[in-house]
Amino acid sequence: MSAPAEAPVLAVHDVRKTFGETTALDGLSFEVRRHEVVGLIGENGAGKSTLLKMLIGLEQPDSGSIALRGEQIKMRGIAQAGAAGIGMVFQEQSLIPNLTVAENILFGAEGDAIVGGMYRWKTLRQRAQAQLDKIGSTIDVDAMAEDLTFAERQLVEIAKVLATEERTNAEPVVLLDEPTSVLDRDEAEVLFAQIERLRTRASVVFVSHRLDEVLQVSDRVYVLRNGSSVAECVPGEVDEAELRRLMIGRDLEGSHYSEERQLPVQDEVRLRVRDLSVKGVCESVDFDLHVGEILGIAGVQGSGREELCRGIFGASATRGSLEMDGRPIRTSSPRSAISSDIGFVPAERRREGMVGTMSVAENITLPHIADVCAGPVLQRSKERRLADDWIERLRIRTASAAAPLASLSGGNQQKAVLARWMVSDSLKLLILDHPTRGLDVGAKSEVYRLIRELTASGVSVLLMADSLEELIAMSHRVLVMKDGRVTDVVDAPVGAKPTPVTVLERMI
Amino acid sequence: MSVVDKVETTTEQREKLRMPRMSRRQLLLTIMPVAVLVCLVGAISIANPNFLRPASIWTVLDSSVPLLILALGAMLVILCGGIDLSVAALASMASVLVALWVPALEGWAVVLVVLVCALAGLIQGVVHVVAQIPSFLVTLGGLAVWSGIALVVSGAATIGVSGDTLAWTFTRLTGWNIPSAVLIGAAVVAVLGLVMLLTPVRRWLIAIGSNEPAALLAGVPVARTKIGAFIVSGACAGFAGVMLVGRTYSGAPTLADSLLLPVVAAIVVGGTAITGGFGGVGRTVIGVLIITVLRVGLSVAGVDPSYVQIFYGALVIAAVALTIDRSKLLFVK
């Protein structure tokens, strides 16, 4: 294909897409030029995922056009997108664990590597090796995908996208969806070097929540908001704060973590935990949580902190004693914990936090359904008013209170999940297991603000967070857990927050 | 609690995006069964215009009642994500027990049999919930157990019922000539329908059927709701067994066994998701009518009754194929 060099490799023009009641893309246009790294940023619900799905043929635009190397294309499915030379490196990864690297790289594109239904291993290995060589990787083509590290698997996925060159004889478009979300800093740097290398032979679309990375890696950045592109920026001319403002469409109120709203802790003890054990994971944990306090729990995986919190909420069996406001309580099930005015926001929102097929209103009232019942009879108008009220208070973006919760964006789903506990006037303790997981900057700071509001009204919070920075910034004190025991408590008052390193040292 | 200033955008946006109560898929699942029923009735009336006369309509409705009561109970279990394969066997056992007990207990035999079957449901529910054994296996085992009990206590024989203790289940009410069974079926529909409409029970069933871990963490009484569904399913099966005895004047250890497939067929044809989380009483009524009219239609069309099972089997698979929400399933096993 001989498009002039300055013509865009990929041009998306005025695409629209609605899902039932929700507009996901609203006249979005953007383009990727040859050998360019284009950053895409936007809040959850801004349309990033829909756009990416459209580019690999998983969704079809309602209107508008997508042109690849100057030709209009319509793709129905990943296979067609791959045949056209567009491939995606998935956030959650798409390799098949019990196949080898070579099989994975050429999966679905085996061509002459399968003859008469049988693999020709030699050809397969050679062709896969050629792809790995392009990115200078030393990964063994015969290794099982499941034996690789996350970062290695990501490289294999990149090689898999590059393998489309074999068929198209053109440089591919590589879509990277949140590629650094599970990488540590060193691994991310390796990936960035890889992207630099990649740009000599491909065009790259880089989607990330981490604005510093987007600025570091991209030649141009598109800011998406409400399904269209609201700005096109060149790194060097904008800074993170400006990007954040563009993404949200308004200035963030106060700081990201609302630290200025961290109030001094009251003396009264809300929850007294004594000698609490969860069989096999944590042993004789003691701590006091005060009224209006945010107590962060730090610990690596296997420290037992998740199980401890589940135990307090009655979702796993415990031994030991709990006192709420001076009175002993027993939490033998989530239901009994809820009747002791405890709430819990699980880390896996889709799997445990919400019933996606049920409406926003039904999800909000689920734990305290008795509050919208007269005797045994459900009062739907009362429920609706309550839900509408909280949708407005928490600025939940939804078509209506009757829309299925799954139709909302991640941040708005999470706000609805928080609302279900906030509706109760008597809420005393809220346990938050990674409440901002998978949310974008704007949604995160809204969640932080809501947590501050809650504590200001006297609710106590047990918090586990995605990053130490977040945990320390949000907490009054940080409880450090290691191997199922509390090893330390670090004070974190405003203005004298400990550094992440201080806490980290005690965790390991 | 003092939380957050109000914001003007949301209301405005919500006005802009008016939203139907049901998704397109759900709407389809609602319209299709009704359309199928209308087409079936239409087709049969063309073949035989007598079909639309009140007398034959009452007869069709009358014959659908045991299936209806069985299906309503079993639907509750399916709605919360399980399945109760024991209902037909339980109805057979109930028929034997009621036939044995009527001579001594008169009408109290009915109450006792329904209670016994509710207890059977309770046992299955508790085993399923407490021992965490898939409901499919518990009730498949239950099916064998209840069939076995029915065989043992009946001595593998049909037990005749004399007298008219059970006549009220199968008679014609004077004046309009309405079959009593239809009124009984309507009463069961009304009771279950009102409970589902007015109380949070339906919501709990649906939450459990859609996402049980999330329901548990939201404080839904998961164990109680599931066990409750099994109890009602058992009680319904027992009552359906009584209704069958009323029409045949006898109880037999395999009397209702052939109803298992029609029960499942009626539930899924009505639009209730076999995977749980979507469905209800109204859909099940429609499904039962479809299955009943289909059976009548096949006989009008002169199809040998031996072939009916083949139709039901194919129908279950076709209905599930058309209605299953594959986006909810990671894998189909």
Side-chain angles (χ1 to χ4, degrees), chain A residues 20-23 313 315 333-339 344 346 348 350-359 362-363 365-370 372-373 376-378 388 390-404 407 420 422-425 427 449-450 453-454 456-459, chain B residues 1-27 81 194-225 273 275-279 325 327-328 330:
Chain A
E21 71 289 354
T22 311
T23 303
F313 189 63
S333 67
R335 199 168 162 75
S336 66
I338 291 167
S339 62
F344 180 63
E348 301 284 337
R350 269 172 237 266
R351 211 165 53 77
E352 297 191 326
M354 58 183 239
V355 184
T357 50
M358 284 175 35
S359 74
E362 288 169 335
N363 268 284
T365 56
L366 199 55
H368 297 101
I369 198 136
V372 288
C373 285
V377 177
L378 206 57
D388 279 340
W390 282 91
I391 286 169
E392 205 137 298
R393 282 207 219 178
L394 303 191
R395 304 174 190 169
I396 300 173
R397 272 204 65 187
T398 173
S400 87
S407 69
R420 66 156 58 145
M422 298 172 80
V423 293
S424 162
D425 290 327
L427 181 68
R449 194 172 41 85
L450 291 174
E453 295 278 352
L454 274 169
S457 68
V459 174
Chain B
M1 211 173 299
S2 71
V3 177
V4 195
D5 47 322
K6 301 202 171 185
V7 132
E8 62 298 326
T9 51
T10 45
T11 3
E12 170 196 312
Q13 280 160 351
R14 270 183 288 139
E15 283 307 313
K16 195 172 74 183
L17 312 160
R18 290 197 66 85
M19 131 105 203
R21 188 66 179 77
M22 284 190 274
S23 74
R24 198 180 305 170
R25 208 188 128 260
Q26 293 177 345
L27 205 63
L194 282 175
V195 169
M196 297 280 270
L197 183 70
L198 297 178
T199 72
V201 167
R202 175 186 157 82
R203 191 164 296 183
W204 289 336
L205 288 167
I206 285 179
I208 295 168
S210 313
N211 187 346
E212 190 170 327
L216 191 70
L217 290 179
V220 170
V222 172
R224 266 195 282 156
T225 307
T275 45
F278 183 79
D325 185 359
S327 66
K328 254 178 68 184
L330 221 44

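First the proteins, then the strands, lettered A, B, ... as listed; each starts at 1.
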### Message
At a 4.5 Å cut-off on heavy atoms, which part of B:Arg224 comes close to chain A: side chain, backbone, both, or neither?
### Response
side chain

### Message
Suppose we screen for salt bridge (charged side-chain N to carboxylate O under 4.0 Å, His left out). Which residues come up paired with A:Arg335, at least two apart in sequence or across chains?
### Response
none

### Task
Before giving the answer on side-chain contact (heavy atoms from CB on, under 4.5 Å), spell out for B:Arg202 and A:Leu378 the whole-Å C-alpha distance, their side-chain angles and the decisive distance to 0.1 Å.
CA-CA 11 Å; B:Arg202 175 186 157 82; A:Leu378 206 57; over 6 Å; no

### Query
For the candidates A:Arg420, A:Arg350, A:Met358, A:Glu348, which exhibits the highest count of non-hydrogen atom pairs separated by less than 4.5 Å from chain B?
A:Met358

### Query
When only pairs under 4.5 Å are counted, which of A:Arg351, A:Glu352, A:His368 shares the most heavy-atom pairs with chain B?
A:Glu352

### Summary
chain A shares the most heavy-atom pairs under 4.5 Å, among B:Ala223, B:Ala215, B:Gly219, with B:Gly219

### Summary
Scored by heavy-atom pairs under 4.5 Å with chain A, the best of B:Pro213, B:Pro221, B:Ala207, B:Pro200 is B:Pro221

### Message
Apply side-chain contact (heavy atoms from CB on, under 4.5 Å) to residues A:Leu366 and B:Val220 and explain how you reach the verdict.
### Response
CA-CA 7 Å; A:Leu366 199 55; B:Val220 170; 3.8 Å; yes

#### Entry: Per-residue contact mode, A:Thr365 against chain B (heavy atom under 4.5 angstrom)
side chain

## Note on the structure
Minimal heavy-atom distance between B:Leu217 and A:Ile338, with the atoms involved, is O-CD1, 4.2 Å

